[in-house]
Amino acid sequence: MRLPTAHALLTAAALLAGLALPQPAGADAPPPAGRPQLRIVVIDHSPPFSDRNADGLLVGFNIDFGRELCRSLEVVCSFDAAPFKQIIDDVAAGRYDIGFGNVLRTPEREQRLLFSLPYWRSSTSLVGRRGMPELGLEEAIRSRRIAAIRGSRQHAALLRLADADPTLQANLIPVSTLDDLWEAMRSGRSEMAIGPTLNVVHFLLSDSGDGFETIGTPMSEDGLGGTVHIVFPPGRHDLKASVDRALTALRNDGTYQRINRTYFPFDIY
């Protein structure tokens, strides 16, 4: 089963009531005296969740939703960006109060962090040239060169398959960033790429994604998907409880859905 092509997704997006273009988040104003302050960190480059616009301002779903959470909590928030692994390390060490790092909940991470209620659901998709036959993950790595972001859950899944059969190592193409992932396919360095489904959909909806489509069914088993959470330093149970209440309220009053429609042509919750 394939996800809709970019054209079909754009058509669906246009039919959604109230769909709007993303609005860049402005620079944080100096905090009013006496107002509580929170330090938030997001992934430095993971469109459409977080990225920087031409003026260097952070934009994306996590930025907009983070600002609404701060408004609901009646606190002043500052935003910073960092690579995914650094987010986990920095939040665990208390250098940030909140991490919007698109973090899946695992037993290992539960030893280091507190997790909010889920705020969206993740899966993994293969992507390749339009018309490529549908392939499962193991079949794909046996017959195609696949690009994956080094250190990602997707990369780890391919490494497990390659460890079981070292002849597959040559078909695994590690890259550093999402941009590198797509460029590996466009340049022919890889025949396919694997990444989080919502990042894949964002690529397919872009001009760069023309001629590509998802291959096979989105995957969530073996660590390739699950619920995504906001994370907090250990011991910040009061902050977690406040954010959980605010998150629930923003879903109940429609704010979450409005932001969702700004970035995605379907419900990601």
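All values below come from the heavy atoms of this structure, side chains included, with hydrogens, waters and symmetry mates left out. Each residue takes its place number in the sequence, starting with 1.
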Sidechain N-carboxylate O distance under 4.0 Å for Asp89, Arg95: no

NZ/NE/NH1/NH2 to OD/OE distance under 4.0 Å, Arg258 and Glu68: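 A salt bridge links Arg258 with Glu68.
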
Please give me the minimum heavy-atom distance between [X] and [Y], naming the atom from each residue.
{"X": "Ser125", "Y": "Val200", "result": "O-CG2, 4.1 Å"}
{"X": "Arg109", "Y": "Leu104", "result": "NH1-O, 2.9 Å"}
{"X": "Lys240", "Y": "Leu114", "result": "CD-CB, 4.5 Å"}
{"X": "Ile173", "Y": "Arg145", "result": "CG1-CB, 4.2 Å"}

For the hydrophobic clusters of this structure (ILVMFWY residues joined by side-chain heavy atoms under 4.5 Å, transitively), does one cluster hold both [X] and [Y]?
{"X": "Leu73", "Y": "Phe232", "answer": "yes"}
{"X": "Ile63", "Y": "Val103", "answer": "no"}
{"X": "Ile87", "Y": "Phe79", "answer": "no"}

Chi angles and distances behind the side chain to side chain contact (heavy atoms under 4.5 Å, CB included) call for Ile98, Val41: CA-CA 6 Å; Ile98 293 177; Val41 62; over 6 Å; no

Is any side-chain heavy atom of [Y] closer than 4.5 Å to one of [X]?
{"X": "Arg153", "Y": "Thr106", "answer": "yes"}
{"X": "Asn102", "Y": "Ser46", "answer": "yes"}
{"X": "Gln154", "Y": "Leu224", "answer": "yes"}
{"X": "Ile194", "Y": "His155", "answer": "no"}
{"X": "Met185", "Y": "Glu191", "answer": "no"}
{"X": "Phe264", "Y": "His202", "answer": "no"}
{"X": "Asp267", "Y": "Arg261", "answer": "no"}

Steps toward side chain to side chain contact (heavy atoms under 4.5 Å, CB included) verdict (Ser143, Leu135): CA-CA 9 Å; Ser143 60; Leu135 299 168; 4.1 Å; yes

Step-by-step side chain to side chain contact (heavy atoms under 4.5 Å, CB included) determination, Ile230 to Val243: CA-CA 9 Å; Ile230 302 163; Val243 168; 4.0 Å; yes

Working for side chain to side chain contact (heavy atoms under 4.5 Å, CB included), residues Val59 and Arg52: CA-CA 6 Å; Val59 295; Arg52 291 191 184 274; over 6 Å; no

Side chains of Thr197 and Ser123, donor plus acceptor under 3.5 Å: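 Present: a donor and an acceptor within the cut-off.
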
Side-chain (Arg129) to main-chain (Phe212) donor-acceptor, under 3.5 angstrom: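 No, the answer is negative, given that no donor and acceptor are paired below the 3.5 Å cut-off.
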
Donor-acceptor pair, side chain of Arg236 and main chain of Val231, under 3.5 angstrom: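 No; judged by distance alone, with no hydrogens or angles, the pair does not exist.
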
Identified ring pair (Phe, Tyr, Trp, His ring centres under 6.0 Å) partner of Phe49 from the options Phe100, Tyr263, Tyr119, Trp120: Trp120

Spatial distance of atom CG (Asp64) from atom OG1 (Thr262) [nearest 0.5 Å]: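 Atom-to-atom, Asp64:CG and Thr262:OG1 are 6.5 Å apart.
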
side-chain hydrogen bond (donor to acceptor under 3.5 Å, both in side chains) between Asn260 and Tyr269, worked out: CA-CA 9 Å; Asn260 187 139; Tyr269 186 74; over 6 Å; no

